[in-house]
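Chain identifiers are assigned alphabetically (A, B, ...) following the order of the sequence lines, protein sequences preceding nucleic acid strands; residue numbering begins at 1 within each chain. Please read these numbers as outputs of a predicted model, since none were measured by experiment.
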There are 2 protein chains.
Amino acid sequence: MSALGAVETVITGATVLASTTRPAPAYPSRPAEDTAARGTVEFLADHAIGIVDGGIAWVVPTSTVPQQILDAAEIIDGRGHVAIPGLMNSHTHSPMSMFRGAAEDVTTADWFNKYMWPMEMNITDRDVYLGAQLAIGEMLLAGVTSFADHYWATEQIARAVEESGARAQLASTFFSSNGAAGLRSSAEFAEKWNGAADGRITTALGPHATYTVTDADLEATADTARRLGVPIHIHASENSQQTEASLAKRGVTPIQVLHDTGILDAGTIIAHGTGIIESDLEWLVPFADRVAVACCSKTYMKNAHSSTPVRMLHDAGITVGLGTDGPASHNTLDMLESMRMLSLKQKDVEEDSTWLTSAHALDLATRQSADLFGLGEKVGSIQPGKRADIVLIDLAGPHYQPLHDLAAALVLSARAGDVRTVLVDGRVVVRDGRLTMLDLSEAIAELNERIPALTDTSNGTMQEYAP
Amino acid sequence: MSALGAVETVITGATVLASTTRPAPAYPSRPAEDTAARGTVEFLADHAIGIVDGGIAWVVPTSTVPQQILDAAEIIDGRGHVAIPGLMNSHTHSPMSMFRGAAEDVTTADWFNKYMWPMEMNITDRDVYLGAQLAIGEMLLAGVTSFADHYWATEQIARAVEESGARAQLASTFFSSNGAAGLRSSAEFAEKWNGAADGRITTALGPHATYTVTDADLEATADTARRLGVPIHIHASENSQQTEASLAKRGVTPIQVLHDTGILDAGTIIAHGTGIIESDLEWLVPFADRVAVACCSKTYMKNAHSSTPVRMLHDAGITVGLGTDGPASHNTLDMLESMRMLSLKQKDVEEDSTWLTSAHALDLATRQSADLFGLGEKVGSIQPGKRADIVLIDLAGPHYQPLHDLAAALVLSARAGDVRTVLVDGRVVVRDGRLTMLDLSEAIAELNERIPALTDTSNGTMQEYAP
């Protein structure tokens, strides 16, 4: 008998991205030839992945799998494909797919004040459900198996997650202008839905930002998070202007506000953090085990914001995850694109083409993003004991060939359209490039019909962007 | 009888990108609401395109096409698709697809001296042929119908162009270190192949760069170009360091060198120009009718170079075309990606999210790129009288939906994998996402086998990068 136990599903013949390592810090002082400083990535050629009860049982050379195990399992032919861990979108607003392209080539203030916040006055629960469904479909087809979401009407999003087979960490957004009901309903949602959908749904509390939620409410949020055992997900230091405005108005940076109100101590995803400055490390580093920053490079370029200081955070040991932000600003929910934009923008902004290697980008997109979700033990790599969140990408296209460097191919050549098969929790949610559990036709038709009503800005807004 | 004449092919039911306008200059001084300053783009819903003798005969509402014309023609169903002009790659080194991924995360000097130039010592004519074939296949599948190429063994590239159905402007590269034979063979190639392949091949002279070709040879090149009636294609001011080095060594910028040696007067494509400074406008502006700059944003970010000063060139009336550079630095030959990177990088570098609208990006990618090729009368828009270089992109994917803004969708959401049908000169070269005239399997297999021999750097190099 083989040492390999019987499994339900076997992916055969794939090149498996088995592991990545976090590059050593203090990269600038190390030579570019220092492998530890560049990060490493391990690919296993012609391997098979055995899946049972939604988890990865073994990863072995295909030739060593006994025929009787293959005969008893569903076989997914991975030849010509690379198997990577399911991509994890560290920050988005999935239902905003309904506003994709609705506010283009405008300033950040206009984007909020003239477009998004007035348009969001028109949203119904059904719009949120359909928007989430459309977004989840787009993500699964692009190999994005998990997303950390921040929006309203989260029960609708949870329903779409449940039905789709995806994995998500959902936070219900609130402003202090909502009064006490804001935090209360965010907490109620977090408590009710944490662990739902066979554990595919986890939750977080969703204070909107340091400039829209008062310090008192942030303190109450931190207390609630500790009580419920869930993290927080908040926009902070979204651009340099916000940091400067906060320093001018209050004498403290947004990150110090997170520190002083206990948000960092309770554990949080910081969305964007492009305005994080060196002195903020004093507040962040003591909580490096429970704080992570979500970086969405395409959004920053499009909005002419500064960039998340990935190198400074890396050297300080702070986890960075990759995200897409909402599709109303990012236009897509494509994490392969997010990884590529990170790689290019980081080389550009650091004026160092040897920085942020493709191996490092893959580590950020997989292992570190899983850590950001608090799911580092569960997903983020293709290893026995992890859940089977796996993506097969077809490498046959001429844009990958000849194949000198698979890490570079994944970061700089891969397209979402080359994703052929996607599993979440061992279940096939995309087969041959098609969704197995979702039909998007209704969402697409209905949301297109809703465009005139959704984009009516005559009702004014409840908020004003003036950080 | 209808006013529409009989045609061979009709594309029916498509949304047609009919025209773009070049935004008015001096954008910074105009309000963002000024439409002329933002650029305009015209889409025609449910239109039909009639094609005869490889040219566009008419573009009319589908419902107005008489059945007898449809009955007599080959019908291409364009419903659910947008028809855009064939994309034009304004600067590349197509055979370098053979080195895609072979020198990653390195400095520019190492890229040349430790990798590319030693590796290029190993190239055979067959490698060039296969590399060009692979590159052309990748481009056609991505809707790139034309490319301006700069490489050696151009007879091999011409053969691949001829067989593939693509359109190309080919320049045979030379260095002054090649002696007089360099310019001579570049000129012989240009003379022999100009107008070949039923006019799909045009040619240019290919001096490598201002730092590898002497002033005397540049002067001779300009004379030869005028004599043959072909333009020049040259790398110049590739990054700020080159401009600074040229000023320090010679007291003139690379652009002034092009001026003083007559290259600008003869007409030239300037590859990159990221080191162009304001005083260079004095040299460029008088030749705005025959000089254009090719911008390849992804390569600049990857190599931590500065960016082509698109806004300054735009305000000065200099044509800018978009390109991919060679796939050894850009990793892909994807012009949709090139257009997206341009849009994002330009907003980023100008710190202005209202600059370089999607309409403007489309104008750069189509009409202005056609002008760069010197083919503005022939291609670059879908209008009667132009050659039928047309690309159909499927808009059904969730990443386009709901469809608020088609220009933004093309610039910020479109993926090369959504290209379904491509025509060059009225001939279908891609149908249902597959090449009709090329089979890449041999090129892919053979180039992968060639990797060890191609990447052997033990033979040293003929050149050194030290601008």
Side-chain angles (χ1 to χ4, degrees), chain A residues 32 38 97-102 104-108 111 134-135 137-138 141-142 298 300-304 331-334 341 343-345 347-348 350-358 397-405 407-409 412-413 415-418 440 444 447-448 450-451 455, chain B residues 32 38 97-102 104-108 134-135 137-138 141-142 298 300-304 331-334 341 343-345 347-348 350-358 397-405 407-409 412-413 415-418 440 443-444 447-448 450-451 455:
Chain A
R38 291 168 70 87
S97 63
M98 73 179 93
F99 295 125
R100 185 199 317 271
E104 293 295 317
D105 305 312
V106 296
T107 64
T108 299
W111 191 85
L134 176 63
E138 179 186 350
L141 287 168
K298 183 181 176 187
Y300 312 145
M301 293 183 72
K302 186 181 173 198
N303 290 295
N331 297 69
T332 64
L333 291 154
D334 179 345
M341 295 304 307
S343 160
L344 296 169
K345 179 59 195 168
K347 290 173 184 294
D348 180 50
E350 297 291 346
E351 297 182 15
D352 182 352
S353 54
T354 72
W355 159 246
L356 216 137
T357 62
S358 290
H399 48 294
Y400 298 106
Q401 300 295 332
L403 198 47
H404 287 267
D405 181 330
L412 294 166
S413 293
R415 301 175 190 153
D418 300 325
L440 300 182
I444 289 174
L447 288 174
N448 274 297
R450 287 277 294 153
I451 285 179
T455 53
Chain B
R38 290 166 72 86
S97 62
M98 73 180 92
F99 295 125
R100 185 198 317 271
E104 295 294 317
D105 305 312
V106 297
T107 63
T108 299
L134 177 63
E138 179 187 350
L141 287 168
K298 183 181 176 187
Y300 313 144
M301 293 183 72
K302 186 181 174 200
N303 290 296
N331 296 70
T332 64
L333 291 155
D334 178 347
M341 295 305 307
S343 161
L344 296 170
K345 180 58 195 167
K347 290 172 185 294
D348 180 50
E350 297 291 346
E351 299 184 13
D352 182 353
S353 54
T354 72
W355 159 246
L356 217 139
T357 61
S358 291
H399 47 294
Y400 298 105
Q401 301 294 333
L403 197 47
H404 287 267
D405 181 331
L412 295 166
S413 292
R415 299 175 191 152
D418 299 327
L440 299 181
I444 289 173
L447 288 174
N448 273 296
R450 286 277 294 154
I451 285 179
T455 54

(request) Could you have a look at L403(A), N303(A), L333(A) and say which one has the most heavy-atom pairs with chain B under 4.5 angstrom? (result) L403(A)
(request) Just give me the residue among N448(B), D405(B), T332(B) that pairs up with chain A most often, heavy atom to heavy atom, under 4.5 Å. (result) N448(B)
(message) Below 4.5 Å, heavy-atom pairs only: which of G417(A), S358(A), P402(A), G101(A) has the largest tally toward chain B?
(response) P402(A)
(request) Quick one: which of E351(B), M341(B), K347(B), M301(B) has the most heavy-atom pairs under 4.5 Å with chain A, could you say? (result) M301(B)
(message) Whether the side chain of R100(A) engages the backbone of H399(B) through a donor-acceptor N/O pair (distance < 3.5 Å, no angle test) should be reported.
(response) yes
(request) Tell me, for T455(A) versus chain B, whether the close heavy atoms (under 4.5 Å) come from the side chain, the backbone, both or neither. (result) side chain
(request) Could you have a look at A142(B), S343(B), A416(B) and say which one has the most heavy-atom pairs with chain A under 4.5 angstrom? (result) A416(B)
(request) Quick one: pull up OH in Y300(A) and CG in L344(B) and give me the separation to the nearest 0.5 Å. (result) 13.5 Å
(request) Please determine if D334(B) and R415(B) form a salt bridge, counting it only when a charged side-chain N lies under 4.0 Å from a carboxylate O. (result) no
(request) Test salt bridge (charged side-chain N to carboxylate O under 4.0 Å, His left out) on K302(B) and D348(A) and set out the steps. (result) CA-CA 7 Å; K302(B) 186 181 174 200; D348(A) 180 50; over 6 Å; no
(message) If I measure from the heavy atoms of chain A, does A135(B) come under 4.5 Å with its side chain, its backbone, both, or neither?
(response) neither
(request) Tell me, for D418(A) versus chain B, whether the close heavy atoms (under 4.5 Å) come from the side chain, the backbone, both or neither. (result) neither
(request) Pick whichever of I444(A), T108(A), L141(A), L440(A) has the most heavy-atom pairs under 4.5 Å with chain B. (result) I444(A)
(request) Show the numbers, then the answer: is there a side-chain contact (heavy atoms from CB on, under 4.5 Å) between S353(A) and D105(B)? (result) CA-CA 6 Å; S353(A) 54; D105(B) 305 312; over 6 Å; no
(message) At a heavy-atom distance under 4.5 Å, which candidate from A407(A), A102(A), A408(A), P398(A) has the highest pair count against chain B?
(response) P398(A)
(message) Tell me the closest heavy-atom pair linking L412(A) and K298(B), and the distance in Å.
(response) O-NZ, 2.8 Å
(message) How long is the straight-line distance from CZ of F99(B) back to CD1 of I451(B), given to the nearest 0.5 Å?
(response) 10.5 Å
